[in-house]
Amino acid sequence: MDMVTVVLDIGKTNKKIVVYDSKMKLLTIYSKSFPSLAFEDLRVEQVQAIENWFLDILREISASFLVAAISITTHGAAAVCIGSDGLPAVPVIDYTTGVDEGVHERFYRAAGTRDMLQRETCTPEVKPLINLAKLLFFTRERFPAEFAKVKTILCYPQYFSYRLTGEICADYTYLGCHTYLWDFKKNTWSDVVARLGFQGLFPQRIEYPGSVAGGIAKKIAERTGIAQGTPVLVGIHDSNSSLIPYLISGSGNFLLNSTGTWCVAMHPEKSAVLKDDDIGNTVFFNLSVANAPIKTAIFLGGLELDGWISVLHKMHGRSDYPDYSHALAQEVLAEASEFILPGIVQGAGQYPSSHARLVSGGIEYLFEDIKNGVACPPLFLNFEKAYMVLLMSLALHTQVAFLRAGLKPGMPVYVEGKFRQSTAYTTLVASLFPKNPLYITGIAEATSFGAALLAWAAVNKVELSSMRSLARFETLPVMPVKLEGLERYSLTFFSLLA
């Protein structure tokens, strides 16, 4: 049988299991949605269900392939607090769960002010509970008796590697992704851990994400048919996993726009120093697979798209996403009277104080009212035009993220993920930055692709950089177009967000 690596890719919206051969060809992909569940007044993640599904699929894979290694990558805002039995001691709270403002204020009184923490940990506040330290703080407040039984706090990738191997560890890409838990200057835990009283709960073993956490445990081998001792990697934060092909392929000075539920603009820099203008904005540093700083700006582009388009689809009985129409784009810009503004999840984008709404001819319609049928703006009677207004909004939000992440004229931009398939989005973004070559990448599953490169490097016992020949990817240039009236439209759009 052929040797393969298997990647468990846990996104916020979709969970995937992806199989790659030794030439990095994607052989098969399994995908399933595990939406968070209502639990009392919270939303909680289906951690056990995800694990069971993964083990079932591993048995199916092992019937056709010899598994050489397993790699794990997850979204960046979850941790599992385990008890003495190795299972979750408290529910894993969904980071989109809204909490009372008092939770935020109590956290900052205990951990440090917002601005101080952004300077100390290169992390801004991202609501609702996307900052992992705050999510854990709230978890302890909400479940004090259960939290008292917690023996170890494992970041999301390492919980799954632990369940497969029994080995406890952490990795710096996850600790360094908007958690408040990492000190970029000292390259270790931040003082927030002690300020919150979490000493002794986090793993002391902090690893390179491509290291082997351990081998498949006997009981997992028996359940899945995968050989006992098969290496399982430590695990990596998903955005940093998607960055791997660009870092090792010699792409040079670039910006990657990784798009999905989150749109993540990432630019490698030499040092993790935030400018004064960055403080108070959703700008931060990630840590790459090489433990190097990546300046990052994020917003919930995919979630915004899905939220608004679902209303349009339902209203018009459609399911399509129109291609770019220059005539329609020019009509929207010339009128400069209709704008869709973020954010469906307030506090999570480049304009955290903004609330989701449509402004049409000076009249404001709230997203929730439109969604619930309470209001129907005339714009929404025209499916194509409403979609263009939505894409214009997403492109302008992207423009802000790019600039805050450090894009400079001449620097190439790569777009991967969900939005690379939208000609309307990519054309508009390319047109906003005519001095920057913009490319759609040919990597179908960028996050799992990066994680699989890590796995094969571990299997072959070579440096990740030696995988360069397998990390090559096709690019398709996107040509900018001249958009008359863009400046006037943009000024009005941003004034509504002020």
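Bear in mind the structure is a predicted one, so any value in this text is a computation, not a measurement. Values below: all heavy atoms of this structure, side chains included; hydrogens, waters and symmetry mates excluded.
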Inspect the contact between K25 and D2 and indicate whether a charged nitrogen and a carboxylate oxygen are less than 4.0 angstrom apart. no

Taking S241 for its side chain and T447 for its backbone only, find out whether a donor-acceptor pair lies under 3.5 Å. yes

According to the interplanar angle, ranging from 0 to 90°, do the rings of Y208 and Y172 count as parallel (below 30°), tilted (30 to 60°) or perpendicular (above 60°)? tilted

Around atom CD of E101, are there more than 12 heavy atoms from other residues, nucleotides or ligands closer than 6.0 Å? yes

Quiz question: by atom type and distance under 3.5 Å, do the side chains of K134 and H104 form a donor-acceptor pair? yes

Scan residues 422-465 for pairs that pass ring-ring contact (aromatic ring centres under 6.0 Å, His included), counting only residues two or more places apart or in two chains. F402-F433, Y414-Y439, F419-Y425

Does atom CD of E474 have more than 12 heavy-atom neighbours from other groups under 6.0 Å away? no

Could you tell me whether the side chains of T173 and N240 share a donor-acceptor contact shorter than 3.5 Å? no

Electrostatic pair D277:R404 at N-O distance under 4.0 angstrom: no

Test: E463 and R468 ion pair at under 4.0 Å: no

Is the shortest heavy-atom distance from the side chain of L26 to the side chain of V19 under 4.5 Å? no

Quick one: sort the F198 and F147 rings into parallel, tilted or perpendicular, breaks at 30° and 60°. tilted

Check: T426/Y324 side-chain N/O donor and acceptor closer than 3.5 Å: no

Could you check whether any side-chain heavy atom of F284 comes within less than 4.5 Å of a side-chain heavy atom of Q118, counting everything from C-beta outward? no

Taking the cut-offs as 6.0 angstrom to the six-membered ring centre and 45 degrees off its axis, would you call R119 and F184 a cation-pi pair? no

Look at the rings of W189 and W182 and say which category their plane angle falls in: under 30° parallel, 30 to 60° tilted, over 60° perpendicular. perpendicular

Looking only at side-chain N and O atoms, does T296 offer a donor or acceptor that is under 3.5 Å from a partner on N286? yes

Can a side-chain donor-acceptor contact be found between T441 and T475 if the only test is distance below 3.5 angstrom? no

Mind checking side chain to side chain contact (heavy atoms under 4.5 Å, CB included) for A446 and listing every partner two or more places apart, or none if nothing turns up? S242, E416, I443

Quick one: salt bridge (Lys or Arg N to Asp or Glu O under 4.0 Å) pairs with a partner in residues 164-187, sequence neighbours left out? E167-R205

Any carboxylate oxygen within less than 4.0 angstrom of a Lys/Arg side-chain nitrogen, looking at E120 and R195? yes

